[in-house]
Amino acid sequence: MFLRGGATQHAVRGVRKGRELAGRDWVADEVPVALEFNGVSHAVMLATPLDLEDFALGFALSEGVLASRDELYDVEQHEDALGITMRLRIAAAAFARLKDRRRSLAGRTGCGLCGTESLAHVARELPVLPDGPRFERQAVARAMAELGGLQTLQRATGAVHAAAWCSAHGEIHLLREDVGRHNALDKLIGGLVAARHPGPDTGFIVVTSRASFEMVQKSVIAGVPLLAAVSAPTSLAIRTAAAARLTLAGFARGDDLVAYAHPERLSLEPL
């Protein structure tokens with residue numbers, strides 16, 4: 001098995017199931033990824049070097065740098081000994097907005113607010129989601145059951161998160177993985193937009209992590225009406241989801257889940 005750009009084999013020794021272990025093991029790759037907009041460095045994130053064009057686009061959209069895919073003209077990837085630089089060429093209007101609201105996000109993996117310059121930059125004004133489809137709880141359970149089998153990198157390394165977009169029936173149509181949960185979601189959003197997916201608002205997103213405030217914010221900006229997480233949400237995530245009319249579910253495991261905001265989009269009757 002060769003996971004180009006996503007994992008590297010390392011020599012290991014240890015004990016497993018009471019027996020001495022010696023051999024080679026797959027370890028998830030983690031590299032600095034710099035995001036440049038029109039030649040100006042904006043953020044440095046630690047990420048898995050897979051699907052980086054999706055990551056760059058999803059980050060730019062979910063962080064409010066781009067208002068739409070049409071404001072991105074080109075993406076180039078440059079690698080050197082220090083890491084990877086994604087050079088995005090964007091519309092003048094988008095670049096003007098970026099200069100008005102500069103953020104420096106150099107930080108640890110999964111740290112979405114490192115370097116934010118003021119409290120006003122944390123919670124942006126979000127759209128209020130319209131009334132959307134109602135989802136069966138079994139659809140969420142189906143998606144969660146399929147998730148593990150599609151996580152190639154996680155099965156090899158045990159070190160990455162996944163975010164997946166699912167149809168209303170729980171079929172996984174697109175999945176992205178990364179060492180950072182925010183990065184995985186940005187990659188998913190970028191992948192949906194790059195593919196010009198006709199209806200992200202007709203399905204839902206599942207994630208293999210807790211549901212933080214930023215995960216909620218990114219899902220709302222993507223226009224997805226339901227975010228279901230394997231683990232728990234935070235209180236700020238719940239308040240943000242409630243205000244934006246996002247259905248937020250946590251502890252989605254097997255047939256179980258807990259709705260923390262707008263449960264009316266979910267069928268919660270016992271099976």
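- Taking the charged nitrogens against the carboxylate oxygens, Asp131 and Arg265 have no contact shorter than 4.0 Å, which rules out a salt bridge.
- Using cut-offs of 30° and 60° on the angle between ring planes, the pair Phe204 and Phe135 is perpendicular.
- By the 4.0 Å N-to-carboxylate-O rule, Arg142 lies too far from Glu136 to be salt-bridged with it.
- In terms of hydrophobic clustering, with Ile, Leu, Val, Met, Phe, Trp and Tyr side chains grouped at heavy-atom distances under 4.5 Å, Leu226 and Val258 are assigned to different clusters.
- Between the CZ atom of Arg137 and the CG atom of Asp255 there is a distance of 6.0 Å, given to the nearest 0.5 Å.
- A heavy-atom distance below 4.5 Å is not found between the side chains of Val160 and Asp178.
- Follow the hydrophobic side-chain contacts under 4.5 Å out from Met144 and you reach Leu150 in the same cluster.
- Taken to the nearest 0.5 Å, the CG atom of Leu192 stands 13.5 Å off from the CZ atom of Arg69.
- For the atom pair CD (Gln151) and OG1 (Thr208), the distance works out to 5.0 Å, reported to the nearest 0.5 Å.
- No donor-acceptor distance shorter than 3.5 angstrom exists from the side chain of Glu71 to the backbone of Leu66, with no hydrogens or angles considered.
- Residues Val206 and Val230 are not in side-chain contact: their nearest non-hydrogen atoms beyond the backbone lie 4.5 Å or more apart.
- Taking every heavy atom of both residues into account, Leu248 and Ala211 meet most closely at CD1-CB, 3.8 Å.
- Residues Ala143 and Ile172 come closest through the heavy atom pair O-CD1, 3.5 Å.
- With contacts defined as side-chain heavy-atom distances shorter than 4.5 Å, the pair Ser219/Leu185 qualifies.
- In this structure, a donor-acceptor pair under 3.5 Å is present between the side chains of His262 and Glu264.
- Met86 and Leu52 make their closest contact through CE-O, 3.6 Å (heavy atoms, listed as atom of the first residue, atom of the second, distance).
- At least one side-chain heavy atom of Ile84 sits under 4.5 Å from a side-chain heavy atom of Gln77.
- Remark: the Thr48 side chain and the Asp29 side chain contain no N/O donor-acceptor pair separated by less than 3.5 Å.
- Taking the side chain as every heavy atom from C-beta outward, Leu46 and Val179 never approach each other to under 4.5 Å.
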- Message: Could you go through Val207 and His161, starting from their C-alpha distance and side-chain angles, then the distance that decides it, and tell me whether this counts as side chain to side chain contact (heavy atoms under 4.5 Å, CB included)?
- Response: CA-CA 7 Å; Val207 294; His161 285 292; over 6 Å; no

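- Clustering ILVMFWY residues whenever any of their side-chain heavy atoms sit less than 4.5 angstrom apart, transitively, puts Phe251 in the very cluster that holds Met215.
- Tracing side-chain contacts under 4.5 Å through hydrophobic residues (I, L, V, M, F, W, Y), one never reaches Ile205 starting from Leu266; they form parts of separate clusters.
- A heavy-atom distance below 4.5 Å is found between the side chains of His42 and Phe59.
- In this structure, Lys187 does not pair ionically with Glu177, as no charged nitrogen and carboxylate oxygen lie closer than 4.0 Å.
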- Going through the checks in order, is the side chain to side chain contact (heavy atoms under 4.5 Å, CB included) test met by Glu171 and Cys166? CA-CA 5 Å; Glu171 302 163 322; Cys166 315; over 6 Å; no

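- Minimum heavy-atom separation, Ala60 to Phe37: CB-CE2, 3.9 Å.
- Under the 4.5 Å side-chain criterion, counting only non-hydrogen atoms from C-beta, Val44 is not in contact with Leu35.
- Residue Phe55 holds its CZ atom at 11.0 Å from NE2 of His182, rounded to the nearest 0.5 Å.
- Panel note: side chain Asp80, backbone Gly83; a donor-acceptor pair is recorded below 3.5 Å.
- Taking a cutoff of 4.0 Å between a charged side-chain nitrogen and a carboxylate oxygen, Glu36 and Arg87 qualify as a salt bridge.
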- Message: Please determine whether side chain to side chain contact (heavy atoms under 4.5 Å, CB included) holds for the pair Leu88 and Asp74, giving the CA-CA distance in whole Å, both sets of side-chain angles, and the decisive distance to 0.1 Å.
- Response: CA-CA 6 Å; Leu88 289 78; Asp74 187 41; over 6 Å; no

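- A donor-acceptor pair under 3.5 Å links the side-chain atoms of Arg24 to the main chain of Gln9, judged by distance alone.
- A donor-acceptor pair is defined here as one N or O able to donate and one able to accept, closer than 3.5 Å; such a pair exists between the side chain of Arg155 and the backbone of Gly149.
- Atoms CG and OG, on Leu188 and Ser62 in that order, are 11.0 Å from each other to the nearest 0.5 Å.
- Of all heavy-atom pairs spanning Ala244 and Pro127, the tightest one is CB-O, 3.7 Å.
- Atom NE2 of His169 is surrounded by 12 or fewer heavy atoms from other residues, nucleotides or ligands within 6.0 Å.
- The closest side-chain heavy-atom distance from Arg13 to Leu21 is not below 4.5 Å.
- Under the 4.5 Å side-chain heavy-atom criterion for Ile, Leu, Val, Met, Phe, Trp and Tyr, Met45 and Val40 are members of the same hydrophobic cluster.
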- Item | Intermediate values then yes/no, side chain to side chain contact (heavy atoms under 4.5 Å, CB included), Val31 and Val33 | CA-CA 6 Å; Val31 302; Val33 177; 4.0 Å; yes

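- For the side-chain contact (heavy atoms from CB on, under 4.5 Å) criterion with Leu246, the lone passing option out of Leu126, Leu227, Ile238 is Leu227.
- Separation of atoms CD (Glu146) and CG (Leu175) is listed at 10.5 Å; rounding is to 0.5 Å.
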- Task: Decide ring pair (Phe, Tyr, Trp, His ring centres under 6.0 Å) for Trp165 and His197; before the verdict, give the C-alpha distance in whole Å, the side-chain angles of both, and the deciding distance to 0.1 Å.
- Result: CA-CA 11 Å; Trp165 185 86; His197 195 282; 4.4 Å; yes

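- Here the shortest heavy-atom pairing between Asn38 and Ile90 reads OD1-N, 2.8 Å.
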